[in-house]
> 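Take this structure first; my questions come after.
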Amino acid sequence: MKPCRLALLSCFILAATACLAAGSPEAPPLPSSAPTAIEPLKWLGRTELPGYTGDFDHLAVDRREQRLFMAAEDHGSLEVFDLKTGAHLRTLSTFDTPHAIFVVPGTDRIIVTDSGKGYSRVLDRKTLDVIGTIKLAPGADSSSYDPSTGHFYIVTGGGDVGMKVNYLNEIDPKTGHVLRQLAIDSDHTEAIQAEQHGQRLFVNLADRNVVAVIDKQTLRIIARWPIVGAQANLSSALDEAHHRLFVVTRKPTRMFVLDTDSGKTVATLDVPAIVDGVFFDAARQRIYVPGAVGEVGVYQEIDPDHYRELARVPSAVGGKSGLFVASMDRFYVAASPGKRVGGAVLWYEVLPR
């Protein structure tokens with residue numbers, strides 16, 4: 001084959017490879033500066049959101065309808081993506097300040113927490129039309145679903161809405177009815193983790209630098225575990241099988257490994273700075289920590305007391321929010337633009353050990 005034809009063929013192959021990595025020819029192509037594939041996360045693609053500013057918050061997946069959702073909190077919108085191709089499908093602008101998205105199992109309902117006017121919205125899963133609201137105190141933000149009870153927890157109140165307390169609201173997600181409410185002496189409550197084989201919730205009181213342990217049966221705080229040597233514990237993940245809670249702080253950025261039998265810290269690790277989510281991979285015994293500095297830290301649990309860093313996978317500046325989907329072997333990062341213009345969602349495949 002002549003050199004010119006060989007060069008042309010090579011260019012064609014490279015272009016086709018980029019399209020496949022993004023999911024399809026219609027998906028946003030990989031930029032020339034895309035990170036290379038680095039184990040244990042393999043780069044798949046990046047969906048651009050030009051014109052956006054401010055912070056992005058949580059993500060969620062609906063496998064039945066093949067959609068990925070992202071809350072663009074400062075943009076006041078819910079962004080919808082094609083789960084197969086990565087293409088940006090829709091912008092839903094019927095929100096004030098959306099934060100968390102929950103696809104209610106066995107129903108056609110999606111709950112979106114909204115800290116704006118004191119109510120969160122319920123969407124039709126197929127049409128994404130608003131079909132109801134859940135009236136709560138202002139400041140609805142962090143949420144968590146407890147499969148063992150079928151109940152859904154939403155945190156409201158706090159300093160962002162001028163309140164000195166937070167409320168933990170226990171909700172029936174199929175009806176939207178508020179079942180119980182716990183007032184918490186904190187103005188910044190984050191990251192709810194629910195035991196599946198026990199009766200406890202673990203909740204970060206970020207202004208107090210403690211983890212509150214809550215009895216699910218009584219909905220009362222039964223213990224407070226201090227985070228010593230750091231402040232602003234905003235994120236957490238639970239390894240219930242090994243009785244370990246992973247708590248990530250902001251000042252400084254550190255990951256604390258707590259023994260859930262005693263509340264004591266058994267290990268600390270350096271992680272990428274400015275984190276808004278930490279994710280435990282039970283099948284691989286890994287922890288994924290996305291940081292706004294443009295890295296995803298990946299850590300291996302050797303045993304419950306010992307951990308090692310596997311990689312710092314390149315992501316994007318502002319990439320502090322993420323989502324790990326165990327059933328799909330996928331990891332997603334929402335890269336907030338902040339004061340810049342233009343954000344993105346990054347897509348990764350989670351590789352075996």
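What's counted below: heavy atoms across the whole structure, side chains too, no hydrogens, waters or symmetry copies.
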> Just verifying a value: how many Å separate L205 CG and R224 CZ, rounded to the nearest 0.5 Å?
6.0 Å

> Any donor-acceptor pair under 3.5 Å linking the side chain of T113 with the backbone of S120?
no

> Under a 3.5 Å threshold, yes or no: a donor from one side chain and an acceptor from the other, between K216 and S148?
yes

> When hydrophobic residues are tied together by side-chain contacts of less than 4.5 Å, even through go-betweens, does L68 share a cluster with V103?
no

> Pair R63, S327 - check side-chain hydrogen bond (donor to acceptor under 3.5 Å, both in side chains), show working.
CA-CA 10 Å; R63 293 195 66 183; S327 61; 3.2 Å; yes

> So which of Y288, Y348, F331, F246 actually passes ring-ring contact (aromatic ring centres under 6.0 Å, His included) with F279?
F331

> Taking atom types as modelled and ignoring hydrogens, do the side chains of T268 and Y307 form a donor-acceptor contact shorter than 3.5 angstrom?
no

> Would you call V313 and E295 a side-chain contact if the rule is heavy atoms closer than 4.5 Å?
no

> Are D187 and V165 close enough, and set up right, to give a side chain to side chain contact (heavy atoms under 4.5 Å, CB included), and what steps lead you there?
CA-CA 5 Å; D187 67 9; V165 298; over 6 Å; no

> Could you give the distance from CG (N204) to OG (S142), rounded to the nearest 0.5 Å?
9.0 Å

> Under 3.5 Å, is there a donor-acceptor pair between the S235 and D276 side chains?
no

> Counting C-beta onward and ignoring hydrogens, is there a side-chain heavy-atom pair between E349 and L41 closer than 4.5 Å?
no

> Salt-bridged, D185 to K164, with N to O below 4.0 Å?
no

> Would you say Y167 has more than 12 foreign heavy atoms packed within less than 6.0 Å of its OH?
no

> Do E190 and H188 have a side chain donor and acceptor closer than 3.5 Å?
yes

> Shared ILVMFWY cluster between L219 and V203, side chains joined below 4.5 angstrom?
yes

> Go through H58 and S321 one step at a time and tell me if the side-chain hydrogen bond (donor to acceptor under 3.5 Å, both in side chains) criterion holds.
CA-CA 6 Å; H58 300 292; S321 300; 5.7 Å; no

> Does a donor on one side chain sit under 3.5 Å from an acceptor on the other, for S115 and H99?
yes

> So F280 and Q285, do their side chains get closer than 4.5 Å, heavy atoms only?
yes

> Within the distance-only criterion (no hydrogens, no angle test), does the side chain of R250 pair as donor or acceptor with the backbone N or O of V275 below 3.5 angstrom?
yes

> Output the distance between atom CG (L351) and atom CG (L310), rounded to the nearest 0.5 Å.
11.5 Å

> Between the side chain of R340 and the main-chain N/O of V317, is any donor-acceptor distance below 3.5 Å?
yes

> Please determine whether a side-chain nitrogen of the Lys or Arg among R200 and D215 lies less than 4.0 Å from a carboxylate oxygen of the Asp or Glu.
no

> Which residue, R109, R125, R67, forms the salt bridge (charged side-chain N to carboxylate O under 4.0 Å, His left out) with D62?
R125

> Would you say the side-chain atoms of S186 and D207 include a donor-acceptor pair closer than 3.5 Å?
yes

> Specify the closest pair of heavy atoms between P98 and E73, including all atoms of both residues, with the distance to one decimal.
O-CB, 3.1 Å

> Do D146 and Q196 get their side chains close enough for a donor-acceptor pair, meaning under 3.5 Å?
yes

> Please report the C-alpha distance between Y332 and T47 in whole Å, then the side-chain angles of each, then the deciding distance to 0.1 Å, and finally whether the side-chain hydrogen bond (donor to acceptor under 3.5 Å, both in side chains) criterion is met.
CA-CA 11 Å; Y332 304 94; T47 306; over 6 Å; no

> Does N209 reach the main-chain N or O of A232 with its side chain, forming a donor-acceptor pair under 3.5 Å?
yes

> Just so I know, are the side chains of V257 and L269 near enough to count as touching, which here means a heavy-atom distance under 4.5 Å?
yes

> Let me confirm one number: the NZ-CG distance from K126 to D129, rounded to the nearest 0.5 Å.
13.0 Å

> Kindly indicate whether the side chain of D141, heavy atoms from C-beta on, has any atom under 4.5 Å from the side chain of T189.
no

> Under a 3.5 Å distance rule, please check whether S336 uses its side chain to pair with a backbone N or O of F56 as donor and acceptor.
yes

> Measuring from atom CG of L234 to atom NZ of K251, what distance do you get when rounded to the nearest 0.5 angstrom?
9.0 Å

> Is it true that D108 and R64 have a side-chain N and a carboxylate O under 4.0 angstrom from each other?
yes

> Any chance the side chains of R121 and T94 put a donor and an acceptor closer than 3.5 Å?
no

> Give the intermediate values and the outcome of side chain to side chain contact (heavy atoms under 4.5 Å, CB included) for residues V248 and V271.
CA-CA 8 Å; V248 177; V271 295; 4.1 Å; yes

> Given salt bridge (charged side-chain N to carboxylate O under 4.0 Å, His left out), test R284 with D329 step by step and report yes or no.
CA-CA 11 Å; R284 300 172 180 84; D329 290 330; 2.8 Å; yes

> For residues M328 and V350, determine if any side-chain heavy atom of one lies less than 4.5 Å from a side-chain heavy atom of the other.
no

> Is S315 reaching over with its side chain to a backbone N or O of G294, donor-acceptor style, under 3.5 angstrom?
yes

> Given 3.5 Å as the limit, does a donor-acceptor pair link the side chain of Q193 with the main chain of S236, or not?
yes

> Any sub-3.5 Å donor-acceptor pair from S77's side-chain atoms to E79's backbone N or O?
no

> Walk me through it: do E240 and H197 pass the test side-chain hydrogen bond (donor to acceptor under 3.5 Å, both in side chains)?
CA-CA 8 Å; E240 186 175 357; H197 302 285; 5.2 Å; no

> Are the side chains of I221 and L182 in touch, meaning some heavy atoms are under 4.5 Å apart?
yes

> Decide side chain to side chain contact (heavy atoms under 4.5 Å, CB included) for I214 and F202; before the verdict, give the C-alpha distance in whole Å, the side-chain angles of both, and the deciding distance to 0.1 Å.
CA-CA 6 Å; I214 298 173; F202 306 103; over 6 Å; no

> Nearest 0.5 Å, what's the CG-CD1 distance between L78 and I101?
5.0 Å

> With hydrophobic residues grouped by side-chain heavy-atom distances under 4.5 Å, do F152 and V104 end up in a single group?
yes

> Is K42 salt-bridged to E39, going by a charged N under 4.0 Å from an acidic O?
no

> Salt bridge or not between R244 and D305? Use side-chain N to carboxylate O under 4.0 Å.
yes

> Spell out, yes or no, whether V325 and L59 are grouped together once hydrophobic residues are joined by side-chain heavy atoms under 4.5 Å, including indirect joins.
yes

> Under the side chain to side chain contact (heavy atoms under 4.5 Å, CB included) rule, what do L49 and H88 come out as? Steps first, then yes or no, please.
CA-CA 8 Å; L49 290 169; H88 184 211; 3.6 Å; yes

> Please check: side-chain N/O of N169 versus main-chain N/O of Y153, any donor-acceptor pairing under 3.5 Å?
no

> Between the side chain of N166 and the main-chain N/O of T156, is any donor-acceptor distance below 3.5 Å?
yes

> Is there side-chain contact between P272 and R312, with heavy atoms separated by less than 4.5 Å?
yes

> Can you hop from F324 to V298 via hydrophobic side chains spaced under 4.5 Å?
yes

